[in-house]
Amino acid sequence: MKKSVLILIAIITWLSAAAQTERRLNEVTVVASRTTTDAEGYTTNLRGSDITKGKPAVDVLGFLPNISHKNGTFKINGLAASEIYVDGVKLSDLSELDNIPGEMIDKVQVKYLAGADHNASLSGGSIMITLRRPPEGGYYGSISANADWYRSCDFGNAGISGMINYRYKGLSVYDNLYAGNTKFEENSAQTLSGPDLHTFLTETSKSHGFNFRNRLSLTQQLQSGAQLGGCYLISISSPRPSSVSYDGNTISSISSRENTSLQEGTLMFMQPLGSRGTQLQLTADYLNRHSNDNSCYFLDSEKAAAIKETTNLNLWKFKADIIYPHSRSLIWKFGASAQFISSHYTPADILKNDRFETSDIPTKTSGFTPIVYASAQGRIWKLKYSAGMNWQLNRIAYEDRSANRKSTNTQWSMNPTVQVMMPFGPGMNHALMMSYKRTLSDIPYTAISSVINWSDAYNYTVGNPDLKAQSADIVMAGLSLLRNKINITALYAVSHDRIYWQTLQSGENPDVFYTMPLNIKSQGVWGFGAEWIESPSRVWRFKLSGRVEITPENTMLDGIHYNKTRLKEYFYFNNNFRFGHGWGGMLNANFEPTFRTLDRTYHAVYNVSGQIYRTFLNDNLQIALEFTPIGNRRKLDRYAGTNKVSYKYTTPVQYVGFSLTWNFSGGKSVNVDVVDGIQDYYETKDNR
């Protein structure tokens, strides 16, 4: 770590001499209105905003209207955000946001729902971040080093990261890099109880490894007005997880070595057509994910089972879009796309044991998803609208290569999306919003797999090849007051063939439980949210928000009828502070009361976290200290018939993180264009 810091200081010294920069981040910016709204959401200007000071982009987003952030997931009005972009680069790894200082953000566009031009599986909206243009210079970026200390395992994550935007004549360059080590330790306790089962066990899970990620994007602006671009992403991880469980008599352990590489290459061509602003955009994308996993299972230090697993996933996607401005108040968009998938799973070197189930079926999964869409966006009088329709087909083939058995399943759907917004009041500072969307989820490739994943020596998950892709209808309404200072939202969603992970007891080992996904015919949910954003003083800004989801259940699982009405609540209180002489910070708290869903009970959790920072050298150099002083970890109860499995995280939450960041810029003043990947690949898994 000391060597890394010395290298970083040397790099900073060289950059400060070579950049000859004057960042001028302290200039006074006059903004008539920070927020503008349309039918799809809002755009907010963050230039000169206090919430961008001293924190990375990932923390800035949590202070924006209708956005919440928890456990690495962003939600918009309670729905998980489908896509996040930075200057046109779609992020496949949100840790890229840790590399971007908040002060580099110019504006953020938030769309409440995914439009008709997106895959019909995407329900939640998108967050599109535009970075600010340097006051002087054709390049800007940052370099940072971080180290984290955890009460449970001393020093954990440590790494070096950097990003840069640069342009030479018509060539734009974007690069985002991270390299570092990871380490964690998690302690837990489990209670297995039932008519003939009374077991208490403790578990310790550990992992350490190395992560590397780099995204390079190049875009060439041609004299004809056309653009040709390419993007390449490579990500490598090598975790070494292990777990040890003790039930008072037997020590059971699992040790694994995992090596995963992900590569994505994208080509994009954009051509203006005519003088009215019509554009044609063609995109081709290829993604490969390859993993080699070696796992060994032990009983009282004796190897009981082992398996080597190789998974290779390939996705190809081709997309064509035409944007046609019919008039100043109406824009049409048409397009089509096709995605192909091929995945191979190969187990080898299998040592079997009755205590530990392992996967011994080599499988092949393939799929084809074509989409055709049309949409329109415009305004009639004061009413702003966006409406569209897409047609999507999901065709999947699943093959057991050992028995040469193959099954296929095809689903298709017409999926409309309608969004309207009406501003009203003095200065049009208030707005009413109404939206409707129908979704058809992607083929659940990961959830139909025969792969068995052990989370510890007493719990594993396995797929279900008979699953169908789920669909849903969503209606959303909202009221925004005082330019999004006060927001009230309501949502109703009904899902069809919802995927739920049912808990079952192993027939061979009564103290082993597993979860398997199944389709639930229909499930409705109501959601209501409210938030208040205010600046009581020049040094303090807060966002207070709460949300409740109401789910009437009517489902039969394992012979038990669940017919209660369930409540799920969230509360957030985010505070940003900006003091003089380069000092500032934030203090955030969240609370989630106990809630139940079918055969599961999630007990209450809360967390308080904060940050203190200090800037030097005209805001070019920043030292920051992050911390989590108090919190309560999750406890989960699951039922399998008359048996109950209780899982409690007992690891203390206390954490301290240190980071050192250098921001730089220079050269000519230009805009930077980038190319993004377009693949959509999601794992459908049981999250406990």
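As a basis for the values below, the full set of heavy atoms in this structure was taken, side chains included, without hydrogen atoms, waters or symmetry mates.
- Nearest heavy atom pair, residue E549 against residue G78, reads OE2-O, 4.3 Å.
- Contact detail for F368 and A338: the closest heavy-atom pair is CE1-CB, 4.1 Å.
- For the residue pair D175/N214, the side-chain donor-acceptor check at 3.5 Å is satisfied.
- Judged by distance alone, with hydrogens and angles left aside, the side-chain atoms of K319 form no donor-acceptor pair with the main-chain N or O of D285 at under 3.5 Å.
- Between R47 and D106 a salt bridge is recorded (basic side-chain N to carboxylate O distance below 4.0 Å).
- Neither side chain, N590 nor N574, offers a donor N or O lying under 3.5 Å from an acceptor on the other.
- Side chain of N464 to backbone of P517: a donor-acceptor contact under 3.5 angstrom is found.
- Results of the side-chain contact (heavy atoms from CB on, under 4.5 Å) test with T597 over E553, Q523, R566 single out E553 as the only residue that passes.
- Within the 4.5 Å cutoff, the side chain of V372 has no heavy atoms near those of the N390 side chain.
- Ring geometry for W412 against W391 counts as tilted: the plane angle lies between 30° and 60°, on a 0 to 90° scale.
- Checking D466 against Y398 by side-chain atom types alone, no donor-acceptor pair falls below 3.5 Å.
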With side-chain hydrogen bond (donor to acceptor under 3.5 Å, both in side chains) as the test, would you mind laying out the steps for R483 and N429 before giving the verdict?
CA-CA 5 Å; R483 295 284 181 182; N429 288 332; 3.0 Å; yes
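- Judged by distance alone, with hydrogens and angles left aside, the side-chain atoms of K543 form a donor-acceptor pair with the main-chain N or O of G62 at under 3.5 Å.
- For the atom pair L313 CG and S343 OG, the distance stands at 5.0 Å (nearest 0.5 Å).
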Could you walk me through whether S329 and R379 pass the side-chain hydrogen bond (donor to acceptor under 3.5 Å, both in side chains) test, one step at a time?
CA-CA 6 Å; S329 58; R379 65 183 301 166; over 6 Å; no
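- Between W526 and Y492, a ring centre-to-centre spacing shorter than 6.0 Å is recorded.
- Using a 4.0 Å cut-off between charged nitrogen and carboxylate oxygen, K485 and E534 count as a salt-bridge pair.
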Can K437 and N415 be said to form a side-chain contact (heavy atoms from CB on, under 4.5 Å), step by step?
CA-CA 7 Å; K437 181 175 178 64; N415 308 291; 5.9 Å; no
In sequence, state the C-alpha distance, the side-chain angles, and the governing distance for L518 and I499, and then conclude on side-chain contact (heavy atoms from CB on, under 4.5 Å).
CA-CA 6 Å; L518 75 161; I499 294 177; over 6 Å; no
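- Legend: residues meeting side chain to side chain contact (heavy atoms under 4.5 Å, CB included) with D59, ordered by chain and number and at least two apart, are K55, P56, M586, E626.
- Ring planes of W532 and F542: perpendicular class, angle over 60° (limits at 30 and 60°).
- H430 places none of its side-chain heavy atoms less than 4.5 Å from the side chain of P423.
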Test side-chain contact (heavy atoms from CB on, under 4.5 Å) applied to Y385 and L330, step by step
CA-CA 10 Å; Y385 68 88; L330 176 60; 3.3 Å; yes
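- Legend: residues meeting side-chain hydrogen bond (donor to acceptor under 3.5 Å, both in side chains) with Y562, ordered by chain and number and at least two apart, are absent.
- The two residues Q271 and A226 make their nearest non-hydrogen contact at OE1-CB, 3.4 Å.
- Side-chain contact check for R289 and N314: no donor-acceptor pair (N or O, by modelled atom type) lies under 3.5 Å.
- The structure places CD of Q281 at 8.5 Å from CD of Q227, a figure rounded to the nearest 0.5 Å.
- The OG atom of S375 sits 8.5 Å away from the CH2 atom of W332 when rounded to the nearest 0.5 Å.
- A donor atom on one side chain and an acceptor atom on the other are not found under 3.5 Å apart for Y42 and Q109.
- Side chains of T43 and T37 form no contact here, defined as non-hydrogen atoms less than 4.5 Å apart.
- Distance check, rounded to the nearest 0.5 Å: CG of L97 to CD1 of I84 gives 6.0 Å.
- Residues Y570 and K75 have side chains in contact (heavy-atom distance under 4.5 Å, counting atoms from C-beta outward).
- To the nearest 0.5 Å, atoms CZ (R395) and OG1 (T369) are separated by 11.5 Å.
- In this structure, the separation between CG on L481 and CZ on F424 is 6.0 Å, given to the nearest 0.5 Å.
- The shortest distance between side-chain heavy atoms of Q470 and H496 does not fall below 4.5 Å.
- Closest approach of V494 and S522 over heavy atoms only: CG2-OG, 3.6 Å.
- The environment of K406 atom NZ is sparse: at most 12 non-hydrogen atoms of other residues, nucleotides or ligands sit within 6.0 angstrom.
- Taking every heavy atom of both residues into account, N77 and L491 meet most closely at O-CD1, 4.3 Å.
- Using cut-offs of 30° and 60° for the angle between ring planes, the Y324 and H326 rings count as perpendicular.
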Does the side-chain contact (heavy atoms from CB on, under 4.5 Å) test come out yes or no for I520 and L598, once each step is laid out?
CA-CA 11 Å; I520 296 176; L598 299 179; 3.6 Å; yes
Before giving the answer on side-chain hydrogen bond (donor to acceptor under 3.5 Å, both in side chains), spell out for Y500 and Q502 the whole-Å C-alpha distance, their side-chain angles and the decisive distance to 0.1 Å.
CA-CA 6 Å; Y500 181 78; Q502 182 182 6; over 6 Å; no
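- Side-chain atoms of I486 and L479, non-hydrogen and from C-beta on, never get closer than 4.5 Å to each other.
- For residues 58-78, the pairs satisfying ring-ring contact (aromatic ring centres under 6.0 Å, His included) are H69-F74, with sequence neighbours left out.
- Between the side chain of N45 and the backbone N or O of K107 there is no donor-acceptor pair closer than 3.5 Å.
- Between D473 and R438 a salt bridge is recorded (basic side-chain N to carboxylate O distance below 4.0 Å).
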N288 vs N312, test: side-chain hydrogen bond (donor to acceptor under 3.5 Å, both in side chains). Steps then yes/no.
CA-CA 7 Å; N288 173 263; N312 192 58; 3.2 Å; yes
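- You'll find the side chain of N66 reaches within 4.5 Å of the side chain of E531, heavy atoms only.
- Closest non-hydrogen pair, S386 versus E40, comes out as OG-OE2, 2.8 Å.
- Residues S480 and M433 form no side-chain contact, since every pair of their non-hydrogen atoms from C-beta on lies 4.5 Å or further apart.
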